[in-house]
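To start, the structure itself, in structure tokens.
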Amino acid sequence: MTGRDLRWGAATHPGRIRDANEDAFAAEPGLFLVADGMGGHQAGEVASALAIETLSAGRDELLEPPAVVALVRRANEAILERARVDPATRGMGTTLTGIVTPDHDPSRAMVLNVGDSRTYRWRSGALEQITVDHSYVQDLLASGMLSPEEARTHPRRNIVTRALGVEADVTADVAMLDLVPGDRYVVCSDGLVDELTDTAITELLARAETDTPQTLAERLVDAAVEHGGRDNVTVVVLDVGAEIATGFDADSEPDPPEPPRDDEPGIATEVVTDGESSSDPDPDRITRPDDQTADPDAISVSAPSRPRPRWQGRLLALAVVAASLGLAIAAVGWYARSGYYVDVEQDRIVIRQGREGGIWWFDTTRERVTDVVVADLTLADLERVTSRPRFDSADDAETFVRGLPSVTQD
Ligand code: CA
């Protein structure tokens, strides 16, 4: 049987801020995918895992684009069904992108995409994104309302307009690819591209020509974490070799995953762990009982044994300042938590209480998740929503959402 000499590697990291990793990936014969899950209470990782599992289970069916579209539909149904029987996962969704390589054709593959994860091709020293993001900023970009630079830093760049688990039906973009020896494919979640520009990714790839796919995947993930790591980041790298091997035999086994390297400088995972541990206060130092407290004499030393004449006055002044500060904090807290606004979380319109961005430690909270999804809205209505209009009550905010022209048309 003919086949291609494919080599691959994969790496993933939760990033520096998030506790959970809601990304999932496949890096196995015929299947090189990344899914970026979303949803509260870690339901996102259920959605992304279901997407990968469904495609993996149906891998042998993936011979032509219509079969890929059909299998992605099945993954969508699996996610919706899980959300139906398990209310804790309600509202979960996931992106899905990557490459599938049917065994019957030694030179061709297919690229698929739903959402804003990306598949890039590195060919002849040039990087090209071969998927089109299904995102709000991509729509603005396509309509000429944003420049690529503005799109990169747009505050609403996390809004996806197509995802699995959102609506009863979903159509994946699927295209045939000619696999050319020397091609290198990079499949990634937005945790990579939010931290690294295409120029930065290009520079990394240019320096990594001789790296194995596994080493490159780790380098890219490390770089994203080092540049901020604000989101989960996952990278699958697929290399198309010059030789034609037979099937997916031992030669095409992936490099074994390597543990984070300790011997190389500048590896972000190392920096992160070091940074976190060194910034942790020494618990012993804080909880260690002070020997002097057992000594009554020592206590009298630490207390003012001879109050100065104005000691009580100073204490009183301090109390007045503290009380004023308390009132000021209460006032800010009241202001910070007053009112409601409409916002978008991933693919869904939500109503939040408080002042956008929060003030001091008074964060906003999600008051309601409406059943209106981004995909239902026209671009004009989406713009009205992303301007985050404010309302006195949650009901007023919901009335606004229900009254959007593209919602009332349904
Ligand atoms: Ca993400």
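Hydrogens, waters and symmetry mates are skipped; everything else that's a heavy atom, side chains included, is used. Atoms within each ligand, like the ligands themselves, are counted from 1 in listed order.
There is no side-chain donor-acceptor pair under 3.5 Å between Thr95 and Arg162. Side-chain contact annotation: Thr386 with Arg156, donor-acceptor N/O pair under 3.5 Å absent. Looking at Thr12 and Asn21, their side chains do bring a donor and an acceptor atom within 3.5 Å of each other.
Restricting Asp36 to its N, O or S atoms, the one at the least distance from the Ca ion (ligand 1) is OD2. The atom of Asp190 that is an N, O or S and sits closest to the Ca ion (ligand 1) is OD1. Within Asp231, the N/O/S atom positioned nearest the Ca ion (ligand 1) carries the name OD2.
Checked against salt bridge (Lys or Arg N to Asp or Glu O under 4.0 Å), Glu209 has no partners two or more places apart in sequence or in another chain.
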